[in-house]
Amino acid sequence: AKSRSRNRYQFYIATIDTEIRQRKRLEMDLHKALENHELSLAFQPQFNYQKGKLVGIEALLRWKHPEKGLISPDMFIPMAEHSLDIIPIGDWVLENAFQQLHRWHLAGYEDLRMAVNLSAVQLQDQNIVDHIAYLLDKYQIPPKTMELEVTETSIIEDIETSKIQLTKIKDIGVTLALDDFGTGYSSLSYLKQFPFDKIKIDKSFVEGLPENNENCVIVEAIVQIGKSFGLKVLAEGVETAEQESYLVAKGCQEGQGYYYGKPLPAQDF
Ligand code: C2E
Ligand code: CA
Ligand code: CA
Ligand code: CA
C-alpha cells in the first residue's frame, strides 16, 4: 500500500510539473501574442430598457492561439497580469476600443458608449490617467461615451491608489462601472467612497431568474442598493425573455447578454 501511494504521489508531482511547464509555455506564447497579431476585440451590446434600444458596447479581449485555438480571457488575463504583459496588452485594447468607438460615432451613432475592462495592474499604473486623456483627444471621443469597468477585487489590491486614480479618471468625464458586483466583499463601503456611475450585476446572480429564489432576493437587493446610491444598474448574462421581464419589473435599467447579442467582431455588428 505504501509503494502504491508513493507511486501516486510521484504521479501527482509529474502532473503538476507538466502543468507548470504548460503554463509557462502559454505565458511565453502570450508574451508574443500582440506582435503575432493573435489578439482581437469582440463587442457585445448593452440594452437600455427605458429607451428600448442599444446604448452601449463592451469590448472583450480574444486570444486565438495558433495551435490551441481560442483561449478564455478568464484564463489568460490573470497570466498577463502576473507577467505584466497586461500593460502593453491593455494599451492595445484601449487604443482599439477608442478607435472603434470613433468609427461608430462617425457612422452616425454619436451617443454610443463603449465600455472597456481595466485590470488591477492598469489601475495602479501611474500613466493610465494621462493615457486615457490622450486617447480621448486623439479620437475626439466625448468623455461621457467612454466607460471603464473595474472589479472590486482589483480595487482591493490598493484601495488608496485606486481611489485617487478613479477620481482622476472620473474628473476628466469618463464614466465608471463596478463590474461583477456582489462577488467580492464589503461592497457597500466601496460604493460610498468611489465615484462609480454604475454597478454591473454578476451573471451568476442573473442565472435562473425568476425560478431561483436566492438569486431573486440578491438581484432585488442590488437594484435597491443602486437606487439608494444613485447608481445605474446593469444586469449581465441575460439570456432569456423571462430574465429580462424580471429585471425590468424590479427596476434594473440595462441588460447585457446573449439575449441581446453575443460578443462579435466589429465588422459583424
Ligand atoms: P466580464 O467583464 O464580467 O465579461 C462578461 C463575460 O460574460 C464575457 O466573458 C462575456 O462573453 C460573457 N457573457 C456575456 N453574455 C453572456 C451570457 O448571456 N451568458 C453567459 N454565460 N456569458 C455571457 P469573456 O469574454 O470570456 O470574458 C471573461 C472575463 O475576462 C471578463 O469578464 C473580464 O473580466 C475579462 N476580460 C475580457 N476582456 C478583457 C480586457 O480587455 N481587459 C481585462 N482586464 N479583462 C478582460
Ligand atoms: Ca466587464
Ligand atoms: Ca462582469
Ligand atoms: Ca466576470
Side-chain angles (χ1 to χ4, degrees), residues 30 33-34 38-47 54 56-64 69-101 113-125 128 132 135 146-155 157 162 175-184 187 196-209 215 219 222 232-244 247 254-266 268:
L30 181 59
L34 202 52
E38 292 161 13
L39 300 182
S40 64
L41 290 181
F43 298 94
Q44 188 178 36
Q46 299 178 330
F47 193 85
L54 191 163
I57 307 258
E58 180 175 2
L60 293 157
L61 189 56
R62 295 290 174 260
W63 177 23
K64 196 170 178 205
L70 272 180
I71 296 178
S72 164
D74 280 325
M75 158 101 194
F76 74 80
I77 296 279
M79 279 175 40
E81 289 181 319
H82 178 250
S83 67
L84 298 187
D85 279 330
I86 193 68
I87 295 291
I89 291 174
D91 279 353
W92 181 90
V93 169
L94 283 168
E95 184 84 36
N96 282 271
F98 272 82
Q99 187 179 45
Q100 188 55 53
L101 184 61
R113 184 186 67 218
M114 176 77 76
V116 182
N117 295 285
L118 213 60
S119 98
V121 179
Q122 286 176 286
L123 189 57
Q124 308 306 322
D125 178 3
I128 192 73
I132 289 162
L135 289 171
M146 181 51 69
E147 186 160 81
L148 296 175
E149 301 190 356
V150 295
T151 63
E152 254 176 290
T153 327
S154 65
I155 297 172
E157 299 229 334
S162 301
T175 64
L176 295 172
L178 183 55
D179 207 352
D180 299 350
F181 186 75
T183 60
S187 318
F196 289 111
D197 300 283
K198 175 192 281 185
I199 46 185
K200 295 187 80 174
I201 306 179
D202 192 69
K203 61 176 179 286
S204 61
F205 302 128
V206 175
E207 223 175 81
L209 292 181
N215 280 359
V219 165
I222 294 178
K232 248 194 246 169
V233 180
L234 178 148
E236 284 185 335
V238 182
E239 295 181 353
T240 68
E242 291 72 32
Q243 287 171 325
E244 184 193 72
L247 291 161
E254 293 184 2
Q256 180 181 349
Y258 299 161
Y259 186 59
Y260 311 104
K262 290 200 171 182
L264 290 173
D268 297 342

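Note that ligands are numbered from 1 as they come in the structure, with each ligand's atoms numbered from 1 the same way. Remember, it's a predicted structure, so these values are computed and weren't measured experimentally.
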(message) Regarding ligand 1, does E58 bring an N or O atom to under 3.5 Å of one of the ligand's N or O atoms?
(response) yes
(request) Using the Ca ion (ligand 2) as the apex, give the angle to atoms OD2 (D179) and OE2 (E58), rounded to 10 degrees. (result) 180°
(request) Could you tell me whether some N/O pair between K203 and ligand 1 is separated by less than 3.5 angstrom? (result) yes
(message) Just to check, does K262 reach to within less than 4.0 Å of ligand 1 when the distance is taken from its heavy atoms?
(response) no
(request) To the nearest 0.5 angstrom, please state how far the OG1 atom of T175 sits from the CE atom of M114. (result) 12.5 Å
(message) For a 4.5 angstrom cut-off between non-hydrogen side-chain atoms, does M75 reach W63?
(response) no
(request) For the Ca ion (ligand 3), find the closest N/O/S atom on D180 and give its atom name. (result) OD1
(request) Identify, by name, the N, O or S atom of E236 lying closest to the Ca ion (ligand 3). (result) OE2
(request) Would you give the length of the straight line joining atom CG of L60 to atom CG of L41, rounded to the nearest 0.5 angstrom? (result) 8.5 Å
(message) Quick check on contacts: which atoms of ligand 1 are under 4.0 angstrom from a heavy atom of E236?
(response) 3 (O)
(request) Would you mind listing which atoms of ligand 1 come within a distance below 4.0 Å of any non-hydrogen atom of P263? (result) 11 (O)
(request) May I ask you to list the atoms of ligand 1 that are less than 4.0 angstrom from any heavy atom of S119? (result) 44 (N)
(message) Heavy atoms only, cut-off 4.0 Å: how does L41 contact ligand 1, side chain, backbone, both, or neither?
(response) neither
(request) Assess the side chains of E58 and Q256: does a donor N or O sit below 3.5 Å from an acceptor N or O? (result) yes
(message) For a distance under 3.0 Å, tell me if T151 has an N/O/S atom near the Ca ion (ligand 2).
(response) no
(message) Suppose I only count heavy atoms of D180 and a 4.0 Å limit; which atoms of ligand 1 are within that range?
(response) 3 (O)
(message) Taking 4.0 Å as the limit for heavy-atom contacts, which would you say applies to N117 with ligand 1: side chain only, backbone only, both, or neither?
(response) both
(request) Would you mind running through ligand 1 and noting each atom that sits below 4.0 Å from a heavy atom of V93? (result) 41 (O)
(message) So, regarding Q122 and ligand 1 (criterion: nitrogen or oxygen to nitrogen or oxygen, under 3.5 Å), is there a contact or not?
(response) no
(request) Examine all N, O or S atoms of E149, backbone included, and report whether one is under 3.0 Å from the Ca ion (ligand 3). (result) no
(request) First locate atom CG of L39, then atom CG of L61, and finally report the distance between them rounded to the nearest 0.5 Å. (result) 5.5 Å
(message) If you measure every N or O of L61 against every N or O of ligand 1, does any of those distances drop under 3.5 Å?
(response) yes
(message) For atom 19 (N) of ligand 1, which of the options Q44, Q256, E239 provides the nearest non-hydrogen atom?
(response) E239
(message) Within ligand 1, which atoms have a heavy atom of G237 less than 4.0 Å away?
(response) 16 (C), 17 (C), 18 (O)
(request) Could you tell me the separation between the NZ atom of K200 and the OG1 atom of T151, rounded to the nearest 0.5 Å? (result) 11.5 Å
(request) Inspect the surroundings of CD in E207 and state if more than 12 heavy atoms from other residues, nucleotides or ligands are less than 6.0 Å away. (result) no
(message) With rounding to the nearest 0.5 angstrom, report the CG to CD distance, D179 to E152.
(response) 10.5 Å
(message) Give the atom numbers and elements of ligand 1 that come within less than 4.0 Å of a heavy atom of R62.
(response) 11 (O), 24 (P), 25 (O)
(request) Would you please determine whether K200 falls within less than 4.0 Å of ligand 1 on a heavy-atom basis? (result) no
(request) Could you please spell out the steps behind the side chain to side chain contact (heavy atoms under 4.5 Å, CB included) verdict for V150 and F196? (result) CA-CA 10 Å; V150 295; F196 289 111; 3.6 Å; yes
